[in-house]
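Take a look at the structure set out below.
These values consider heavy atoms only, across backbone and side chains, with no hydrogens, waters or symmetry-generated copies. All chains are named by letter (A, B, ...) in the order of the sequence lines, taking the proteins before the strands, and each is independently numbered beginning at 1.
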Protein chains: 2
Amino acid sequence: MSRRSGILEFAVLGLLRESPMHGYELRKRLNTSLGVFRAFSYGTLYPCLKALVANGWLIEETDGAPEAVPAAALTGRRAKIVYRLTAAGKEHFEELLAHSGPDAWEDEHFGVRFAFFGQTSRDVRMRVLEGRRSRLEERLERMHTSLARSRERLDDYTLELQRHGMESVEREVRWLNELIESERAGRDQRAPDPAAQDSKHQSGDTGGLPRHRGGSRPDPSDDTTT
Amino acid sequence: MSRRSGILEFAVLGLLRESPMHGYELRKRLNTSLGVFRAFSYGTLYPCLKALVANGWLIEETDGAPEAVPAAALTGRRAKIVYRLTAAGKEHFEELLAHSGPDAWEDEHFGVRFAFFGQTSRDVRMRVLEGRRSRLEERLERMHTSLARSRERLDDYTLELQRHGMESVEREVRWLNELIESERAGRDQRAPDPAAQDSKHQSGDTGGLPRHRGGSRPDPSDDTTT
DNA sequence: TTCGTCATGTAATGGGTTACATGATTAC
DNA sequence: GTAATCATGTAACCCATTACATGACGAA
């Protein structure tokens, strides 16, 4: 038992669903792919992994052990522990994916939830997006009124800070609007049905996200090795 | 003794500098004026206040005691504790204001620091703004390269999340650019000199912030009473 | 008189980081 | 051979929240 915060657990399960990994790599993925928002340290990750194993959602396989190691790396290397999702784990993750409770659109959770929208059913996606939007709209309203009440009292910097804050929130609302709209437009369902899936993992669903795209260019470089 | 996280301490000192207040009110201010970012609970605030008192930076005056209570409220009301900044506290806050160490532009700190820019000397303001900007630029670069490295591997949602994240950061950089520019343009210094101040508190300095301004309209309403 | 909000606190708990300890592997 | 980075862990601490306990004041 022992409830971990959900967010780490969720992300770990989700990443491991795509392919088994060891802790170290997992952490990097956590802090790049998903981690624009959150950076976890080993002191958090490893204990969490242990707990997930204890719950039967993961198994650790010492790399170089059973499971057809494809030659190479047989030089008696130290026990790298590769974590693999169990059937139970998969099931559990599926359940988590299906939940769309109010906390799913809180600041901390929303990002991770969104990151796994690829495996999320369309109606849940919708609920989460709309939930988040109204969350932000409430916040916006509160900021608005509290600003109105104290405008005179506040100096220019505080005001500017407030203004910028609101603008950020407004921007996110617009983003959500786009997403929701293109989500509605998208013809496809991706199984509210919990049985008709698993043949690889989730093919091309994505109801067509709004077209954007920034500059790219390859460029091998460092890693957030805190 | 006992280092509090800095950020709460800083904010409390700063708010109390403007005028004495009791905890309850303090908390509200914390969660509106400054608190777009952070919301503190009583379980955090009250112990912190005690600690600040212990440090000699604040004194508590039981409302209805000495200090010329302007009639009214003499009906034996319960001990509301009003916190007032001591000379030492003021001095300490002044020191904190002057620091522009690297942590000053970290996510958690930057907001509060900015909120008190009104009492901050211009060169410190500059350093903090520029520090934050380069912080964000680093981050942007990292996101950029890590995105380039994994673009193919990622599904559309993850990509979109990443894109939106970067766009947000870019936006903040542009904001900082504006601020820095208008800060440079601003004719005024506001005392790097630590002796020539205190005659009331900080008059109209502000080197002219970029012109913006959203809708207002008065509208009395609720309070984030979590 | 009851409800809301003002007002002050504390103990248990949670969730996470820092700093440390350890060692293998790779690249130069 | 030595530095970087891969790799796994743990114990001590920190910051803050939750839930609780308590009570006064004002308005309906």
Distance check needed: [N] [atom2] versus [X] [atom1], whole Å only.
X       : N      : atom1 : atom2 : value
B:Glu9  : D:dC14 : CD    : P     : 14 Å
A:Arg27 : D:dG9  : CZ    : C1'   : 13 Å
B:Glu25 : C:dT5  : CD    : P     : 17 Å
A:Lys80 : C:dG23 : NZ    : P     : 18 Å
A:Phe10 : C:dG15 : CZ    : P     : 17 Å
B:Leu45 : C:dC6  : CG    : P     : 15 Å
B:Glu60 : C:dA7  : CD    : P     : 16 Å
B:Asn31 : D:dA16 : CG    : P     : 12 Å

With respect to the side chain of [X], which nucleotide from [options] is positioned closest?
X       : options               : result
A:Tyr24 : D:dT5, C:dT17, D:dT17 : D:dT5
A:Ile81 : D:dG9, D:dA7, C:dC6   : D:dG9
B:His22 : C:dA7, D:dT8, D:dT17  : C:dA7

**Prompt:** Do the ring planes of B:Phe10 and B:Phe116 sit parallel (below 30°), tilted (30 to 60°) or perpendicular (above 60°)?
**Reply:** perpendicular
**Request:** Please determine if B:Arg163 and B:Glu170 form a salt bridge, counting it only when a charged side-chain N lies under 4.0 Å from a carboxylate O.
**Result:** no
**Item:** Cationic N near anionic O, under 4.0 Å, B:Glu172 to B:Arg133
**Value:** no
**Asked** Which atom names give the shortest non-hydrogen contact between B:Ile7 and B:Glu108, and what distance separates them?
**Response** CD1-O, 3.6 Å
**Message:** For B:Trp175 together with B:Phe114, are the ring centres under 6.0 Å from each other?
**Reply:** yes
**Prompt:** Is any side-chain heavy atom of B:Arg132 less than 4.5 Å from a side-chain heavy atom of B:Leu129?
**Reply:** no
**B:Leu52 side chain near B:Glu60 side chain, heavy-atom distance below 4.5 Å** = no
Protein-nucleic acid N or O pairs under 3.5 Å, nucleotides 10-12 of chain D:
none

